[in-house]
Student: 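Below you'll find the structure I mean.
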Amino acid sequence: MRIKKGLTGFIVGALMLGLLAGCVGKNETNGGDNGGGAAAGKVKLTMWGAVPPENGPQEVVDTWNAEHPDIQVEYVRFVNDDDGNLKLDTALSTGQNVDLYVNYTLTNLDKRIKGGTALDLGEFTDYNIDEKMGEDAASWKVDGKYYGMPTKKNAAFFALNMKALDQAGLSVPTAWTWDEAREYALKLKSAGFKYGLVQHTASYVDPLDSVLVKNGYVKADGTSNLDDPLVTKWLETLNGMMKEDATTPPLGEQLTSKMPVENMFLGGESAMINIGEWLIRSSNNMTEFPRDWKIAFAPVPRLAAQEADMVKSGGLGDFIAINSKSKNKEAAWEFLKWYADGGMMPMAAGGRLPSSNAVDQQTAIDHLLGDYADSYDKESLEFVLYGDKTPTFVRSIAQEVIDLRAQEYEKFFLDNQTAEVTVQNMVKRHNDWLKQNQ
Amino acid sequence: MHKSWMKRQSRLGYLFIGPNMIGVLLFFIIPAVYSFYLMFTDYKFMSPETHFVGLDNIRRMMNDDLFGVALRNTFVFLLAVPVSMGLAFIVAVALNKSVYWQKTLRALYFMPYITSGVAIAFVWMLLFQPTSGPINGFLRGIGIANPPGWLSTTEWSMYAIDIIWIWFMLGYNMIIYLAALQEIPEELVEAARIDGARPWQTIRHVIWPLVSPTTFLLLITGLIMTIKNFGIIQAITQGGPGNSTTVLSLFIYQNAFRYYEMGYAAAISWALFAIIMIFTVLQWIGQKRWVHY
């Protein structure tokens, strides 16, 4: 009896202690966030981003922390996929420590603004985003306001095997159509490549969005515009390249084997790749991907006949928002300005070129290319990064629409349905979605 | 005196199950009830406003072509359960007798079950590679000129997933069957043999009925486990190509955690729950016909 009584008491006591400890612990962390930190004259900021710390962010925050003992920044990495974004959104909506966070798509940003977790930067008047970042920044405006700051210059391009181009007597294009690109792919394939062109899945639908940004995703009467004739043109061009020419891998095979397209291009299996600035991360890695040829760059081809009708994927990226629930908004703002105006430079080596005009172009390119500047065709690189004045867009449509489009065109490329049916299905599903989300 | 002792005893009992019950309440019962409520709202994660929308989500589900596709894919996925059990039974019977490498073989068959799902996914993706993968290499070798494209075609992708799943569950089913076989009294098999039963007849009329409770258990748990599973599909195809491998559980995951459509996802979850419920009840009714305890 006595023992049992003692045991009960012990367990109850242990539980109570646990609860108390929990409370105390919580109080302590809370204190550390606001009052306690301020008392010590120190502010602690947490920044969430998707780039692995070792690829630049750690160096960025280390530099800042060394210069600013009063404001210490900690970098937290989330993976930029569904699960990772969910983790960030959960942290934001449950009030965990997030002071600054990076948005990689307008779609995600939109949700976060609606959830009331992005601060309207209009309250700070000492930095003009439009002036600093140029006119491309405006595509990140939501309802005419900046809920964050775009910090990086996006670049979508075709990277080309310069040696192969020279041997085939082809020039580096500065503006071209998909028909021309298809010709290039054929000629290069016959010069001994397995494929003329491989595409990164992130860049795959850029040509479609180019068309639809220009001509509208939705018609004037509010119905889907996914039946734009150029959508069919895209489907048929790529399908021809996959099946008639065999100059590009069949999509089904590429998706299900998670084809490493960067390696294929750098390894000399493919002469061209449709990709973006992150290619440099791999192409600068000469130990893993040694090559004895230069990489040249060309804009992504257009589906439209007229050059004037082209709008290209690009614009700015890495849109950093300040959590509206953050207790250290001022400090976060200070850090953000510093980051955008050159603080982010260590990340250029991974392909993240600063978009602020406070940063010198040449310095940025030097950082980007590092020790291997000689292995790139500098002229064409400068052209796709800074010289090409084609207007740009940032993809802003909902994830559902991206997915439904992909599901239908995948079925087309797998010969499950004709181009005509594919377009009809896309339109039908898009219309359903539009109705659902009025 | 005795009564108060009992009382204290039961209080202590509650205290012991308390932590677990709190867990069940917090992480199972409350979320389940909450999701039932969500089914009737247009709740979107991160969105500030939530409205009561009545049966809109259920109506939407009924009109959603994708729901139909997911339902059909789910049933194709479920085919893996009986097939895997059948194979497991054969393997278990074979490995129950003393054969060479018995222990090694048992371990080998069980290996997939204890391997990480993502690792499995990548290995199978390589094996199923349509042009240079070993499976199609083998098929071409035995004279099949146009082997299926497996994961890269919409016709075959769901069956390819089935094959992976059969292989994955085989080890588990086999171990449970082995345990059941060990329980069978030697005399019964002996008696059958003396009566002149051939091995096949012994298996058919003696062993199979005797392990039927195990078959029943594996069938119910297997169907539930399969119908709920989406991890392996998420890792391999993410529901593609097209939407040929989108099963219901993956469809829920996409709506909830990709599109943040929590209300709609809750409605589909309850539809899935209803399906599992019906399956299970039907089996409980059906078991009287073929399960011998």
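Order of the sequence lines sets the chain letters (A, B, ...), proteins ahead of strands, with each chain counted from 1.
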Student: What closest approach, in Å, do G240(B) and E410(A) show between heavy atoms, and which atom pair accounts for it?
Tutor: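 Looks like CA-OE1, 4.3 Å.
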Student: Please find the pair of heavy atoms, one from L86(A) and one from Y260(B), that lie closest to each other, and give the distance.
Tutor: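 Answer, listing the atom of L86(A) first, then Y260(B): CA-OH, 3.3 Å.
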Student: Looking at every heavy atom in both T153(B) and L414(A), which two are closest together, and how far apart are they?
Tutor: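 That would be CA-CD1, 4.4 Å.
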Student: Measure distances from N437(A) to the heavy atoms of chain B and classify the residue's part below 4.5 Å as side chain, backbone, both or neither.
Tutor: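 It is the side chain, since no backbone atom gets that close.
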Student: How long is the span from the OG1 atom in T131(B) to the CD atom in E253(A), to the nearest 0.5 Å?
Tutor: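 If we round to the nearest 0.5 Å, T131(B):OG1 and E253(A):CD are 3.5 Å apart.
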Student: What part of E261(B) is in contact with chain A, defined as an atom under 4.5 angstrom from a non-hydrogen atom: side chain, backbone, both or neither?
Tutor: side chain
Student: CZ/R258(B) to CD1/I402(A) distance, rounded to the nearest 0.5 angstrom?
Tutor: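 Rounded to the nearest 0.5 Å, the CZ-CD1 separation comes out at 8.0 Å.
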Student: If you count heavy-atom pairs within less than 4.5 Å of chain A, which of K44(B), R60(B), Q129(B), Q238(B) leads?
Tutor: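 Heavy-atom pairs under 4.5 Å are most numerous for R60(B).
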Student: Pick one of side chain, backbone, both or neither for F128(B), based on which atoms fall under 4.5 Å of a heavy atom in chain A.
Tutor: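 Neither part.
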Student: Against chain B, label Q436(A) side chain, backbone, both or neither, depending on which of its atoms sit under 4.5 Å from a heavy atom there.
Tutor: side chain
Student: Out of K258(A), K114(A), E408(A), return the one with the most heavy atom pairs under 4.5 angstrom to chain B.
Tutor: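 Maximum pair count with chain B is reached by K258(A).
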Student: Using non-hydrogen atoms only, which part of N416(A) is less than 4.5 Å away from chain B: side chain, backbone, both, or neither?
Tutor: side chain
Student: Between K428(A) and D65(B), is there a salt bridge with N-O shorter than 4.0 Å?
Tutor: yes
Student: Which answer fits I236(B), side chain, backbone, both or neither, if we ask what part of it has an atom under 4.5 Å from a heavy atom of chain A?
Tutor: backbone
Student: Any donor-acceptor pair under 3.5 Å linking the side-chain atoms of D82(A) with those of Y259(B)?
Tutor: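 Side chains of Y259(B) and D82(A): no pair found under 3.5 Å.
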Student: Examine whether an atom of L255(A) lies under 4.5 Å from a heavy atom of chain B, and if so say whether it belongs to the side chain, the backbone or both; otherwise answer neither.
Tutor: neither
Student: Can the positive tip of K111(A) be found less than 6.0 Å from the middle of the six-membered ring of F45(B), inside 45° of the ring normal?
Tutor: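 Not satisfied by the 6.0 Å and 45° rule.
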Student: Look up atom CG in D83(A) and atom CD in Q234(B), then write down how far apart they are to the nearest 0.5 Å.
Tutor: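 Spacing of CG (D83(A)) from CD (Q234(B)) equals 7.0 Å.
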Student: Distance from W124(B) atom CH2 to T256(A) atom OG1, nearest 0.5 Å?
Tutor: 14.5 Å
Student: Counting only non-hydrogen atoms closer than 4.5 Å, does T107(A) touch chain B with its backbone (N, CA, C, O), its side chain (CB onward), both, or neither?
Tutor: neither
Student: Do other residues, nucleotides or ligands put more than 12 heavy atoms under 6.0 Å from the CG atom of N63(B)?
Tutor: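 Atom CG in N63(B) is crowded, with more than 12 foreign heavy atoms closer than 6.0 Å.
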Student: Using heavy-atom distances under 4.5 Å, tell me whether R11(B) contacts chain A through its side chain, its backbone, both, or neither.
Tutor: neither
Student: Between M125(B) and S257(A), is the side-chain contact (heavy atoms from CB on, under 4.5 Å) condition met? List the steps.
Tutor: CA-CA 6 Å; M125(B) 267 155 54; S257(A) 60; 5.9 Å; no
Student: Looking at G149(B), S157(B), P241(B), which has the largest count of heavy-atom pairs under 4.5 Å with chain A?
Tutor: P241(B)
Student: Step through the shown structure and confirm whether more than 12 heavy atoms of other residues, nucleotides or ligands are within 6.0 Å of CE on M225(B).
Tutor: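 Above 12, so yes.
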Student: Measure distances from R429(A) to the heavy atoms of chain B and classify the residue's part below 4.5 Å as side chain, backbone, both or neither.
Tutor: side chain
